[in-house]
Amino acid sequence: MGVGPLFVEVLLTFVVAAVVLSQYGNWYRHHLVVTVAVLVAWYFSMLIVFILPLDVSNTIYENCLQDHAEQALAKHLRAVASSVVPESNISDATLNNVSLDESNETILTTTAPPPLECHKPWSLVPAGVFPVFWRIVYWTSQFLTWLILPLMQSYTKAGDFTIGTKLRSAVIDNAIYYGSYLLIVGILLLYIALTDLGLDGAKLRAIAASASNTWGLFWLVLLLGYGLVEVPRSIWHSASIAHTLHHSYFRAAKLSQERAESSERVNDLLQSMRALGGSIGPGHPLRSHMDVIENKIPTELLDRICRQAPLDSPHADVPSEKALVRLHKQLIKALQNQRRVETQWGLLVEKIVTLEDTHRNAISHDTSFKHSTPPRRHYIITYIYTPTIEWLWRCRVRGYLLRALAVCFALVSVVVVWSELTFFSTNPTISLFAVFVNLAKTNYDYFTIEIMGHMDVIKIISDGFNIYFPMMIVALCLATYYSLGSRLLSALGFQQFMCDDDLTTDLIEEGKTLISRESRRRQRMEDNAARRKNFTERFGGGESSASMYRSARQRAEELVQPLKREDSSESAQLELLGGSDSVADYSSRTTTSSLTMEDDLEAGHGGGRMSAVSGLTQYSRVRTHKPDKGLFDDV
């Protein structure tokens with residue numbers, strides 16, 4: 001016996017969780033408490049998947065030992081009974097009436113060693129290790145799931161300015177989440193009170209575990225009902241380049257609208273902040289709160305406020321702290337949504353460009369893959385992954401492989417649905433997963449063993465909800481197969497991708513136009529960057545590329561609308577911060593923030609915004625000090 005396999009899997013799982021977190025998170029920016037909490041939550045979730053087979057194999061081995069021990073005990077009792085009663089008169093009832101005293105236990109433990117028929121698994125762990133291990137994993141996961149992570153998530157979205165008020169807002173925000181859990185606990189407590197079972201520490205722990213597992217099973221069935229159908233179907237459709245391209249165009253049209261709405265929402269909130277900020281000058285009691293709000297806004301957005309025209313009716317009323325809290329919360333949510341949409345847009349554009357290249361090469365007679373934009377790859381990858389191999393993979397092999405994978409996933413989905421419907425039947429065993437487990441158990445094939453059975457807790461859960469609620473998965477799978485949810489949302493006005501719908505066709509054409517425009521814009525930017533790089537290589541040494549970029553931008557601004565020196569953006573910003581101690585800090589960032597003007601010029605907004613420089617003094621952006629960094633403010 002040893003803990004070697006267990007230790008190796010625990011260590012490897014930790015490495016996997018850490019790598020995944022480093023891929024999707026920022027170790028250097030996030031607070032240590034945030035990083036540790038998320039790492040532990042992901043690590044324990046993955047650990048259950050990898051350690052559970054080891055526990056099952058140990059359990060089967062221990063059950064085998066117990067079965068043989070019971071058989072040895074029965075033989076011993078039969079031998080003892082035969083010395084008193086003739087062997088022909090010994091029956092099972094006689095053996096059942098013979099009690100096991102201390103001498104029999106001694107004989108069993110000393111004279112009946114473990115039989116040779118039970119094969120020891122390669123991953124056998126000493127007895128008592130897994131119970132302690134699962135207690136730590138389970139209750140730590142419960143604590144993180146129901147308390148720490150929800151509060152942290154709501155804490156980051158709270159608009160308050162102190163730790164205590166943020167925690168209070170986080171608790172209120174999770175009231176519905178906690179209420180659903182308490183509702184299940186209340187039902188179980190009422191059931192125990194009516195059945196007169198009594199309450200103790202073990203019962204309370206069972207109630208807490210049952211309520212959590214019931215909540216998890218509810219969402220598991222809902223998600224399985226969707227995923228068991230949609231995953232194989234989406235993989236099958238991914239094999240068709242034309243279908244995937246049309247669906248991506250449809251997403252681009254919808255995402256473009258969402259992108260415009262998110263940008264408009266942010267602009268409205270910035271205008272509200274500008275109106276409130278006009279009444280909060282240096283030395284105002286709420287000035288520190290306004291500084292906190294401003295520090296959440298990217299520099300280019302703050303500069304955009306300064307370039308806008310003055311308000312027709314400046315905000316005259318003195319804002320309250322509640323107004324700033326509400327503005328802060330709305331601004332945090334709007335900025336997060338805008339960053340999310342912009343990231344999705346960039347990834348979707350790259351995906352569509354790749355799909356367009358694949359579609360164009362698939363209908364071409366040339367067997368060499370040609371990109372619209374040369375990809376940036378390592379020279380070793382370029383040497384191995386030649387254009388011919390890339391054409392074979394993208395245009396020929398990939399489609400057949402995806403269809404075969406979709407068929408395999410569909411078969412697994414059928415097996416899962418059938419097992420969910422029949423796993424309560426133990427005699428006869430008709431669940432396929434249970435049949436596989438029994439075969440592996442008979443052959444002591446510990447590598448192919450998987451857990452499946454009942455969790456005997458409170459009767460209303462173990463004999464009721466856990467058995468019959470998973471049967472709803474059939475109805476959910478049928479609803480997903482016939483796209484009832486998508487059709488209902490489409491009828492309510494939330495357009496979904498429907499192949500036989502005219503509005504879907506219109507959105508596909510709109511998305512195609514938007515992607516073409518975005519591709520041309522990116523191509524112009526790449527051409528401009530190439531020309532600047534060529535110019536620097538030929539006439540380098542005079543000025544940096546950033547200086548040339550600013551000079552070209554300034555000439556473009558002068559062509560749009562000539563400006564005097566005193567009306568330039570930098571002078572107006574310094575005038576806005578006149579008399580402030582933070583002028584030097586702000587002016588040091590004007591070089592970086594001014595580089596964002598090219599997008600405004602390409603969108604046709606440069607002239608209008610530069611003409612509004614005279615109204616900069618309406619908004620006070622004086623920063624008295626940089627507020628202290630909060631626990632989750634940088635999440």
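Nothing fancy with the numbering, it's 1 onward along the sequence.
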- Query: Considering only heavy atoms from C-beta outward, does the side chain of Leu401 approach that of Leu405 to under 4.5 Å?
  - Reply: no
- Message: Less than 4.5 Å apart, side chain to side chain, heavy atoms only: is that true for Trp393 and Tyr385?
- Response: yes
- Task: Could you tell me how the ring of His243 sits relative to the ring of His237: parallel (under 30°), tilted (30 to 60°) or perpendicular (over 60°)?
- Result: tilted
- Query: Between Leu222 and Trp219, is any pair of side-chain heavy atoms under 4.5 Å apart?
  - Reply: yes
- Message: If we ignore hydrogens and angles and just use 3.5 Å, is the side chain of Thr354 paired with the main-chain N or O of Glu350 as donor and acceptor?
- Response: yes
- Of all heavy-atom pairs between Arg487 and Tyr482, which one has the smallest distance, and what is that distance? NE-O, 3.3 Å
- Task: Please round to the nearest 0.5 Å and tell me the distance separating atom CG of Leu331 and atom CD1 of Ile297.
- Result: 4.5 Å
- Message: Any salt bridge linking Arg340 with Glu258? Criterion: basic side-chain nitrogen under 4.0 Å from a carboxylate oxygen.
- Response: yes
- Do Lys157 and Gln336 have side chains that get closer than 4.5 Å, going by heavy atoms? yes
Would you mind writing out the side-chain donor-acceptor pairs for residues 6-24 within the sub-3.5 Å range, not counting sequence neighbours?
residue: Thr13; atom: OG1; partner: Glu9; partner atom: O; Å: 2.6
residue: Ser22; atom: OG; partner: Ala18; partner atom: O; Å: 3.3
residue: Ser22; atom: OG; partner: Val19; partner atom: O; Å: 2.7

- Output for pair (Met46 CE, Ile51 CD1), nearest 0.5 Å, gives 13.5 Å
- Query: Would the number of heavy atoms belonging to other residues, nucleotides or ligands and lying under 6.0 Å from CZ of Arg251 be above 12?
  - Reply: no
- Message: As an exercise, state the distance from OG of Ser413 to CG of Leu224, rounded to the nearest 0.5 Å.
- Response: 9.0 Å
- Task: Apply side-chain contact (heavy atoms from CB on, under 4.5 Å) to Phe409 and Val407, showing your working.
- Result: CA-CA 5 Å; Phe409 280 11; Val407 172; over 6 Å; no
- Heavy-atom closest pair, residues Arg403 and Ala239: CG-CB, 3.6 Å
- Message: Regarding Ser154 and Asn174, do their side chains bring together a donor and an acceptor under 3.5 Å, going by distance alone?
- Response: yes
- Item | Sub-4.5 Å side-chain heavy-atom contact between Asn58 and Tyr61 | no
- Item | Backbone of Arg259 reached by a side-chain donor or acceptor of Ser262 within 3.5 Å | yes
- Message: Determine whether a donor-acceptor pair (N or O, by modelled atom type, separation under 3.5 Å) exists between the side chain of Thr165 and the backbone of Thr162.
- Response: yes
- Query: Under the side-chain contact (heavy atoms from CB on, under 4.5 Å) criterion, do Ile136 and Val132 qualify, and how do the steps go?
  - Reply: CA-CA 6 Å; Ile136 296 175; Val132 177; 4.2 Å; yes
- Message: So which atom in Ser248 and which in Lys351 form the shortest heavy-atom distance, rounded to 0.1 Å?
- Response: OG-CE, 3.9 Å
- Task: Calculate, to the nearest 0.5 Å, the distance between atoms CG and OG1 belonging to Leu402 and Thr244 respectively.
- Result: 8.5 Å
- Message: Within this structure, what is the CG-NE2 distance for the pair Leu324 and His328, rounded to the nearest 0.5 Å?
- Response: 10.0 Å
- Is Lys329 atom NZ crowded by more than 12 heavy atoms from other residues, nucleotides or ligands, each under 6.0 Å away? no
- Note on the structure: Output for pair (Ile384 CD1, Arg377 CZ), nearest 0.5 Å, gives 12.0 Å
- Derivation and outcome, side-chain contact (heavy atoms from CB on, under 4.5 Å), residues Tyr155 and Ile163: CA-CA 9 Å; Tyr155 188 96; Ile163 296 178; 3.5 Å; yes
- Query: In this structure, are over 12 heavy atoms from other groups packed under 6.0 Å from Trp146 atom CH2?
  - Reply: yes
- Less than 4.0 Å between a side-chain N and a carboxylate O, is that true for Glu230 and Arg233? yes
- Message: On a heavy-atom basis, which atom in Cys477 and which in Val417 lie closest, and how many Å separate them?
- Response: SG-CG2, 4.0 Å
- Crowding at OH, Tyr226 (>12 non-hydrogen neighbours, <6.0 Å): no
- Query: Is the backbone of Ser169 close enough, under 3.5 Å, to the side chain of Asp173 for a donor and an acceptor to pair up by distance?
  - Reply: no
- Minimum-distance pair of heavy atoms, taken over all atoms of Leu476 and Val221: CD1-O, 3.5 Å
- Task: Starting from the C-alpha separation in whole Å, work towards a yes-or-no answer on side-chain contact (heavy atoms from CB on, under 4.5 Å) for Ser288 and Val292.
- Result: CA-CA 6 Å; Ser288 60; Val292 173; 5.8 Å; no
- Message: Which heavy atom of Pro232 sits nearest to which heavy atom of Gly227, and what is that distance?
- Response: CD-O, 3.7 Å
- Does the side chain of Cys408 reach to within under 4.5 Å of the side chain of Val412, using non-hydrogen atoms? no
- Message: Can you tell me how the ring of Trp134 sits relative to the ring of Phe130, calling it parallel under 30°, perpendicular over 60° and tilted otherwise?
- Response: parallel
- Query: Does a sphere of radius 6.0 Å around CZ in Phe133 hold more than 12 heavy atoms from other residues, nucleotides or ligands, not counting ones at 6.0 Å or beyond?
  - Reply: yes
